[in-house]
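Structure record follows, encoded as structure tokens.
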Amino acid sequence: MIPLNDIKLIGLSFSLCMLAACGDSKISAVKDTRLGGDEFTIGETLSKVKECKSTDWSSEIVNNSTVVTHTCAVKLDDELLNASKKGELAALKTRADLANISVTTALSQARSAHAEAVRFSQERSTQWARRVAEVDKRIEYIATEPRSQFISINGTALRRGEAPPDAAAWEARRSEHLVVANGEKEKLLAEIEAEKQKAQAAIDAALKQIDDATAWNEKYAQEIQRTYEVVAKEVGTYYDKSHTLKVKTTFRYREGGNAEPVSAALFIDDLEGRSAMPVYLMDPKRMREYLTYLTKNGMGMEAPRLFDERFPIENISGPDGGFRYKSSKPAT
């Protein structure tokens, strides 16, 4: 009689063998699939990819579907590595060139605001001068208006038989009107002075914004150069090290059906990166094209992102806006 523990071990071994066989059969089914009536099967096509120094097949159940993955460990040559490094540095340079957009925009807006404030002040000055001239003309008219034998004290035409105002009454009326007119002028001048101060405050505020933005523009230029040099040095160090590249091509498989490509992702140092159409499934010679496309701007380092992290100045959002160092002192 076989002991119970031995029976359990035999059953477990049998189950594992069945699972392995099941996995192998599904991988085999994917390998034997011809996509779109291709001459070669998926397995035959992938076996002809020269950029793979080693390959591996695996399968797993995902959402009640079998997903089969082909992993190609890429032979990373100097040409691909150097092209990737060149693309990384170019992307870094582009990011550095665009880093001062916020401060140059602020400087441009400040200059526009100053020009608009000056234009508005000049326009209002012309209007104020015209209004003051009108009041002065009215005061001059009141002060020099001659007494008429045909005009009443109220300034209306005399009725038949009505006596003209005497000189004393006429001068008294003139004095009253001058007091009113001069009072109106003083009120107007006070309003103008208040508006002038407001207009000058807008001009001064714009000038301060120009000064601030100009100062930060100079700081930006210095920090952009410094940060670019720091990250560029990191790029050099990164590409001097060895890295692993793997292309993982996944297929969805259903029993009795054909395999369907799901994704083709590039893994750099076992971290998933970008994906692209697996053109090498149509022609194994196009693996080089696939790799070149995905590494043309760098090979996983993300130098532009590092530039943003290292750059020590930040733009303050909100109505007041402005700029400030992320820490109390510029990063070194």
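Count residues from 1 along the sequence. Just so we're clear, the structure is a prediction, and the values are computed from it rather than from any experiment. Any value given below was found using the heavy atoms of this structure, including those in side chains, with hydrogens, waters and symmetry copies removed.
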| request: Please assess Glu186 against Leu189 for the test side-chain contact (heavy atoms from CB on, under 4.5 Å), listing each intermediate value before the final yes or no. | output: CA-CA 5 Å; Glu186 290 178 4; Leu189 291 175; 5.6 Å; no

| request: Would you name the heavy atoms of Phe307 and Val231 that are closest together and state the gap between them? | output: CA-CG2, 4.0 Å

| task | For the residue pair Pro261 and Leu35, establish whether any side-chain heavy-atom pair is separated by less than 4.5 Å. | result | yes

| Are any side-chain N or O atoms of Thr126 and backbone N or O atoms of Gln122, one a donor and one an acceptor, separated by less than 3.5 Å? | yes

| Should Val235 and Leu306 be counted in the same cluster of Ile, Leu, Val, Met, Phe, Trp and Tyr side chains packed under 4.5 Å apart? | yes

| field | Within one Ile-Leu-Val-Met-Phe-Trp-Tyr cluster: Ile192 and Phe120, side-chain cutoff 4.5 Å | value | no

| query | Between Glu123 and Arg119, is the closest basic N to carboxylate O distance under 4.0 Å? | reply | yes

| task | Take Arg288 and Glu79, measure what salt bridge (Lys or Arg N to Asp or Glu O under 4.0 Å) needs, and give me the verdict at the end. | result | CA-CA 11 Å; Arg288 189 72 179 188; Glu79 182 183 355; 3.5 Å; yes

| field | Residue pair Thr249, Tyr280: steps toward the side chain to side chain donor-acceptor pair (under 3.5 Å) verdict | value | CA-CA 10 Å; Thr249 313; Tyr280 49 84; 2.6 Å; yes

| query | Are Tyr290 and Met282 linked, directly or through other ILVMFWY residues, by side chains that come within less than 4.5 angstrom of each other? | reply | yes

| message | Pair Lys185, Asp136 - check side-chain contact (heavy atoms from CB on, under 4.5 Å), show working. | response | CA-CA 8 Å; Lys185 180 178 179 180; Asp136 285 340; 2.6 Å; yes

| task | Decide yes or no for Met299 and Leu245: does some side-chain heavy atom of the first lie under 4.5 Å from some side-chain heavy atom of the second? | result | yes

| Which atoms form the tightest heavy-atom contact between Ala276 and Leu294, and what is the distance? | CB-CD2, 3.8 Å

| Gln222 versus Glu218, side-chain donor and acceptor atoms under 3.5 Å | no

| message | Give me the atom names and distance for the closest heavy-atom approach of Ala259 to Tyr253. | response | N-CD1, 4.5 Å

| said: I'd like to know if the side chain of Thr41 reaches the main chain of Glu44, judged simply by a donor and an acceptor atom lying under 3.5 Å from each other, with no hydrogens or angles considered. | reply: yes

| query | Which atoms form the tightest heavy-atom contact between Ala213 and Val103, and what is the distance? | reply | O-CG2, 3.7 Å

| note | Of all heavy-atom pairs linking Ile203 and Ala117, the shortest is CG1-CB, 3.7 Å

| Are Arg226 and Phe311 in a cation-pi contact, defined as NZ or CZ under 6.0 Å from the six-membered ring centre and within 45° of the axis? | no

| Looking only at heavy atoms, which two atoms of Thr55 and Cys72 are closest? And how far apart? | CG2-CA, 4.4 Å

| Side chains of Ser59 and Thr69: does their closest heavy-atom pair fall under 4.5 Å? | no

| request: Treat each ILVMFWY residue as a node, draw an edge where side-chain heavy atoms are under 4.5 Å apart, and state whether Phe267 and Val62 are in one component. | output: no

| said: Quick check: do Lys246 and Leu266 have side-chain heavy atoms less than 4.5 Å from each other? | reply: no

| field | Euclidean distance, Tyr293 OH relative to Arg274 CZ, rounded to 0.5 Å | value | 5.0 Å

| field | Derivation and outcome, salt bridge (Lys or Arg N to Asp or Glu O under 4.0 Å), residues Glu272 and Lys248 | value | CA-CA 9 Å; Glu272 184 172 357; Lys248 293 190 178 184; over 6 Å; no

| field | Glu193 CD to Leu188 CG distance, which is reported to the nearest 0.5 Å | value | 11.5 Å

| Under 3.5 Å, side chain of Glu314 to main-chain N/O of Tyr325, donor-acceptor pair present? | no

| query | Which distance, rounded to the nearest 0.5 Å, do you find between the CD1 of Ile268 and the CG of Leu76? | reply | 9.5 Å

| query | Thr104 and Tyr220: side-chain donor and acceptor closer than 3.5 Å? | reply | no

| task | Check whether any side-chain heavy atom of Glu191 lies under 4.5 Å from a side-chain heavy atom of Arg131, and answer yes or no. | result | yes

| Would you call Glu184 and Arg138 a side-chain contact if the rule is heavy atoms closer than 4.5 Å? | yes

| query | Could Arg95 and Glu302 be called an ion pair, given the rule that one side-chain N must be under 4.0 Å from one carboxylate O? | reply | no

| task | Output yes when Arg174 and Glu171 qualify as a salt bridge under the 4.0 Å nitrogen-oxygen rule, no when they do not. | result | yes

| Would you call Glu88 and Asn297 a side-chain contact if the rule is heavy atoms closer than 4.5 Å? | no

| task | Verify, without hydrogens or angle tests, whether Asp38 (side chain) and Phe40 (backbone) share a donor-acceptor contact under 3.5 angstrom. | result | no

| remark: Distance col, row Lys86:NZ vs Leu81:CG, nearest 0.5 angstrom, shows 14.0 Å

| Euclidean distance, Ser121 OG relative to Glu116 CD, rounded to 0.5 Å | 11.0 Å

| request: Say whether, by atom type as modelled, one donor and one acceptor occur between the side chain of Asp166 and the main chain of Ala168 under 3.5 angstrom. | output: yes

| said: Looking at Arg286 and Glu289, is there a salt bridge between them, counting it only when a charged N and a carboxylate O are closer than 4.0 Å? | reply: yes

| Residues Lys93 and Asp97 bridged, charged N to O under 4.0 Å | yes

| message | Could you go through Leu46 and Ile42, starting from their C-alpha distance and side-chain angles, then the distance that decides it, and tell me whether this counts as side-chain contact (heavy atoms from CB on, under 4.5 Å)? | response | CA-CA 6 Å; Leu46 289 175; Ile42 289 174; 3.8 Å; yes

| query | What distance separates Thr214 OG1 from Gln209 CD, expressed to the nearest 0.5 Å? | reply | 11.0 Å

| request: Verify side-chain contact (heavy atoms from CB on, under 4.5 Å) between Lys137 and Glu134, making sure each step is shown before the conclusion. | output: CA-CA 5 Å; Lys137 184 177 180 181; Glu134 291 173 353; 5.7 Å; no

| query | Going only through I, L, V, M, F, W and Y residues with side-chain contacts under 4.5 Å, is there a path from Leu291 to Tyr239? | reply | yes

| field | Evaluation steps, side chain to side chain donor-acceptor pair (under 3.5 Å), between Ser263 and Ser275 | value | CA-CA 7 Å; Ser263 68; Ser275 300; 5.7 Å; no

| said: Would the distance check show the side chain of Asp269 and the main-chain N or O of Leu271 forming a donor-acceptor pair, the cut-off being under 3.5 Å? | reply: no

| field | Any donor-acceptor pair under 3.5 Å from Lys85 side chain to Leu80 backbone | value | no

| said: Closer than 3.5 angstrom, by distance alone: can the side chain of Asn182 be matched with the main-chain N or O of Leu178 as a donor-acceptor pair? | reply: yes

| message | Tell me whether Met277 at atom CE has more than 12 heavy atoms from other residues, nucleotides or ligands lying less than 6.0 Å away. | response | no

| task | Identify the residue among Asp211, Asp204, Asp212 that makes a side chain to side chain donor-acceptor pair (under 3.5 Å) with Lys208. | result | Asp212

| query | With a 3.5 Å cut-off and no angle check, do the side chains of Thr66 and Lys26 form a donor-acceptor pair? | reply | yes

| Taking the side chain from Ser84 and the backbone from Thr295, do they hold a donor-acceptor pair closer than 3.5 Å? | yes

| Strictly under 6.0 Å, is that where the ring centroids of Tyr238 and His243 end up? | yes

| Side-chain touch Ile313/Lys326, heavy atoms, less than 4.5 angstrom | no

| query | Between Glu195 and Arg124, does at least one N-O distance fall below 4.0 Å, as a salt bridge requires? | reply | yes

